[in-house]
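Scroll down for the structure; my scribbles are underneath it.
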Amino acid sequence: MQSSSQTAASQSLANEIIDQVESLLLEAEEKVRPLELDPYRSRLFELFVMADAAGFLVEEAEIDLTADEILRELAQRWGLATAAQESFQEQRRLPPEHLGKMRLLWSFLRMWMEWTYAWQRWHEFHSDRGKP
């Protein structure tokens with residue numbers, strides 16, 4: 001069990017990772033660059049590795065930085081849930097700025113999920129390497 005200082009440090013790291021992910025996404029959006037290309041892909045992957053090393057990529061972990069949870073946090077910060085709900089209720093299209101943010105999150109979500117899948121299955125395909 002973690003002490004309160006360890007929990008606070010872990011939460012601080014998690015917040016920093018989310019803030020950096022958000023910053024990278026917004027920078028890519030501003031510069032009209034795809035997340036799937038460097039420097040964004042490699043910088044996001046570094047954050048993914050940090051999240052994994054901290055134990056944040058495990059479903060239902062005390063601090064959860066799985067793709068779904070980061071998506072949920074950023075969508076909340078950007079007001080996307082409210083915008084989507086209003087758009088649905090008023091039977092109108094989602095405003096372009098919100099649609100752009102959703103596309104950005106989908107790109108991020110796909111990469112984060114693919115990395116998680118590959119990372120979790122790494123040993124399955126590499127444990128016997130080098131053995132006759």
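- With respect to the salt-bridge test (charged N to carboxylate O, under 4.0 angstrom), the residues Glu69 and Arg72 qualify.
- Both Leu65 and Trp106 are members of a single hydrophobic cluster when ILVMFWY side chains are connected at heavy-atom separations under 4.5 Å.
- Residues Ala67 and Met113 share a closest heavy-atom pair of CB-CG, 3.5 Å.
- In terms of modelled atom types and a separation under 3.5 Å, the side chain of Thr116 and the main chain of Trp112 share a donor-acceptor contact.
- When all heavy atoms of Ala61 and Gly55 are compared, the pair lying nearest together is CB-O, 3.9 Å.
- Heavy atoms from other residues, nucleotides or ligands lying under 6.0 Å from CZ of Arg110 number more than 12.
- Applying the ring-ring contact (aromatic ring centres under 6.0 Å, His included) test to every pair with at least one member in residues 8-47, sequence neighbours left out, gives these pairs: Phe45-Phe48, Phe45-Trp115, Phe45-Trp119.
- The CD atom of Glu27 sits 5.0 Å away from the CZ atom of Arg43 when rounded to the nearest 0.5 Å.
- Across all non-hydrogen atoms, the minimal contact from Leu71 to Leu109 is CD2-CD2, 4.1 Å.
- Contact detail for Glu29 and Gly100: the closest heavy-atom pair is OE2-C, 4.2 Å.
- In this structure, Ile63 and Gln11 approach most closely via the heavy-atom pair CD1-N, 3.5 Å.
- Leu44 contributes atom CG, which lies 5.0 Å from atom CE of Met111 (distance to the nearest 0.5 angstrom).
- Under the 4.5 Å side-chain heavy-atom criterion for ILVMFWY residues, a single connected hydrophobic cluster contains both Ile18 and Leu26.
- Atom CG in Leu13 sits 5.0 Å away from atom CE in Met50 (nearest 0.5 Å).
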Output, in order, the C-alpha distance, side-chain angles, deciding distance and verdict of side-chain hydrogen bond (donor to acceptor under 3.5 Å, both in side chains) for Thr66 and Asp68.
CA-CA 5 Å; Thr66 58; Asp68 290 341; 5.3 Å; no
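- The CZ atom of Arg41 sits 13.0 Å away from the OG atom of Ser107 when rounded to the nearest 0.5 Å.
- When every heavy atom of Leu35 is checked against every heavy atom of Ala28, the shortest pair comes out as CD2-CB, 3.6 Å.
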Applying side chain to side chain contact (heavy atoms under 4.5 Å, CB included) to Leu104 and Leu74, what does each step give before you reach the verdict?
CA-CA 11 Å; Leu104 197 60; Leu74 294 180; over 6 Å; no
